[in-house]
Amino acid sequence: MAGNKAERLPRKAYERELLRLQTELVKLQEWVRVEGARLVVVFEGRDAAGKGGTIKRVAEHLNPRVARIAALPKPTERERTQWYFQRYVEHLPAAGEIVLFDRSWYNRAGVEHVMGFCTKEEHQLFLRQCPLFERMLVEDGILLRKYWFSVSDTEQQERFRRRLEDPLRRWKLSPMDLESITRWEAYSRAKDAMLVHTDISEAPWYVVESDDKRRARLNMIAHLLGSLPYLDAPPPVLRLPKRPESTGYVRPSRDLQTYVPDHAASL
């Protein structure tokens, strides 16, 4: 099993393959731009399942003007009165764009339902409308990929503990994250119901085993690349121009400007 710590992927093998896959992602990005494709990738899963780290590796070398991350905050009072999917529609890609949803409209199937932020009727309406909504996206030509990151309860607990002890990652924890520990089975039931209603042929769910973060990242990226008909679109030919001869410009004295102190010199 990927979750067995004795079988975790060695770092060197991980970094070597990650670099290769990220190079392919750059090719995918260029194909999306040239072909005018629209790609939506949905990342869902329990808290600390590894979604954020995977999104970071996917976007790391991509052009933010082409590939952007959509991580929406809680809805405003006005947005609460709109059709539920309305605020997500605003973030869908135009031609030549990629949008990575760090959580998505599936909030209603998970945290909103489990934590009581929506009514049972709203939850049931979502489960009925979501397949229709996604079929419309696909029918309109959007390339939609949905990934569920699956983490075990023991691994989630360990990740929470590490975050709690690490001042650089403590911001990732919220009281709601910790409460999810006590609602493990409720989230499991919500996930099962979500998959039953929304795992459709036009937009199927793909489950990523994520106890081993390195394996999860490589597996997800490799699957995404393999699921798309991208080609290696040749980039535009660029040539570095020859620097022209000086016309007599003289740089102003350094005393006229305020420079950042050389902190590095004290190391």
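As the structure is a computational prediction, the values presented were derived from the model and not from experiment. Residues: numbered from 1 along the sequence shown.
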inquiry  = So, applying side chain to side chain donor-acceptor pair (under 3.5 Å) with Arg46, which one of Ser152, Ser180, Ser188 is it?
reply    = Ser188
Identified side chain to side chain donor-acceptor pair (under 3.5 Å) partner of Arg159 from the options Gln157, Glu155, Gln156 = Glu155
Quick one: are [X] and [Y] in side-chain contact, heavy atoms under 4.5 Å?
X	Y	result
His197	Cys130	no
Val58	Met220	yes
Asn107	Tyr88	yes
Val40	Pro93	yes
Glu122	Phe117	no
Leu218	Leu9	yes

task = For Glu44 and Ser104, run side chain to side chain contact (heavy atoms under 4.5 Å, CB included): C-alpha distance rounded to whole Å, both residues' side-chain angles, the deciding distance at 0.1 Å, then the answer.
result = CA-CA 7 Å; Glu44 290 288 346; Ser104 64; 2.8 Å; yes
Shared hydrophobic cluster, [X] / [Y] (ILVMFWY, side-chain heavy atoms < 4.5 Å):
X	Y	answer
Ile221	Leu62	yes
Phe85	Trp205	yes
Tyr206	Ile200	no
Leu195	Leu144	yes
Leu21	Leu25	yes

Whether [Y] and [X] form a salt bridge (side-chain N of Lys/Arg under 4.0 Å from carboxylate O of Asp/Glu) is what I want to check.
X	Y	result
Arg80	Glu77	yes
Arg20	Glu24	no
Glu60	Arg57	no
Glu97	Arg68	yes

query = So Glu30 and Lys27, salt bridge (Lys or Arg N to Asp or Glu O under 4.0 Å) or not? Walk me through it.
reply = CA-CA 5 Å; Glu30 188 63 12; Lys27 295 178 184 178; over 6 Å; no
Can you give the donor-acceptor pairs under 3.5 Å from side chains of residues 133-142 to other protein atoms, not counting sequence neighbours?
residue, atom, partner, partner atom, Å
Glu134, OE1, Tyr106, OH, 3.2
Glu134, OE1, Lys146, NZ, 2.7
Glu134, OE2, Trp105, NE1, 2.9
Glu134, OE2, Tyr106, OH, 2.6
Arg135, NE, Glu202, OE1, 3.2
Arg135, NE, Glu202, OE2, 3.1
Asp140, OD2, Arg38, NH1, 3.1
Asp140, OD2, Arg38, NH2, 3.3

ask   = Stepwise, does the side chain to side chain contact (heavy atoms under 4.5 Å, CB included) test hold for Leu228 with Leu143?
value = CA-CA 8 Å; Leu228 295 166; Leu143 301 167; 3.9 Å; yes
Supply the atom-to-atom distance [X] [atom1] to [Y] [atom2], rounded to the nearest 0.5 angstrom.
X	Y	atom1	atom2	value
Leu39	Leu100	CG	CG	7.5 Å
Gln124	Lys120	CD	NZ	9.5 Å
Met176	Asp47	CE	CG	9.0 Å
Lys213	Lys51	NZ	NZ	10.5 Å
Thr182	Trp184	OG1	CH2	12.0 Å
Leu178	Leu173	CG	CG	5.0 Å

ring-ring contact (aromatic ring centres under 6.0 Å, His included) partners of Trp31, counting only residues at least two apart = none
request  = Please lay out, stage by stage, how Tyr84 and Gln82 fare under the test side chain to side chain donor-acceptor pair (under 3.5 Å).
outcome  = CA-CA 6 Å; Tyr84 176 73; Gln82 297 174 344; over 6 Å; no
request  = Give a yes or no on this: more than 12 heavy atoms of other residues, nucleotides or ligands lie within 6.0 Å of atom CZ of Arg78.
outcome  = no
inquiry  = With a 6.0 Å cut-off (strictly less than), is the heavy-atom count around CH2 of Trp171, excluding the residue itself, greater than 12?
reply    = no
task = Given side chain to side chain contact (heavy atoms under 4.5 Å, CB included), test Tyr14 with Leu19 step by step and report yes or no.
result = CA-CA 9 Å; Tyr14 162 71; Leu19 180 60; over 6 Å; no
inquiry  = For Val114, is there any backbone N or O sitting under 3.5 Å from a side-chain donor or acceptor partner on Arg183?
reply    = yes
task = Evaluate side chain to side chain contact (heavy atoms under 4.5 Å, CB included) for Trp148 paired with Met194, printing each intermediate quantity in order.
result = CA-CA 11 Å; Trp148 176 269; Met194 178 194 79; 3.8 Å; yes
request  = Please test Lys56 against Asp102 for salt bridge (Lys or Arg N to Asp or Glu O under 4.0 Å), starting from the C-alpha separation and ending with a verdict.
outcome  = CA-CA 10 Å; Lys56 181 178 179 180; Asp102 184 357; over 6 Å; no
ask   = Using the benzene-type ring in the case of Trp, are the ring centres of Phe101 and Phe43 under 6.0 Å apart?
value = no
inquiry  = Is the distance from the ring center of His223 to that of Tyr147 below 6.0 Å?
reply    = yes
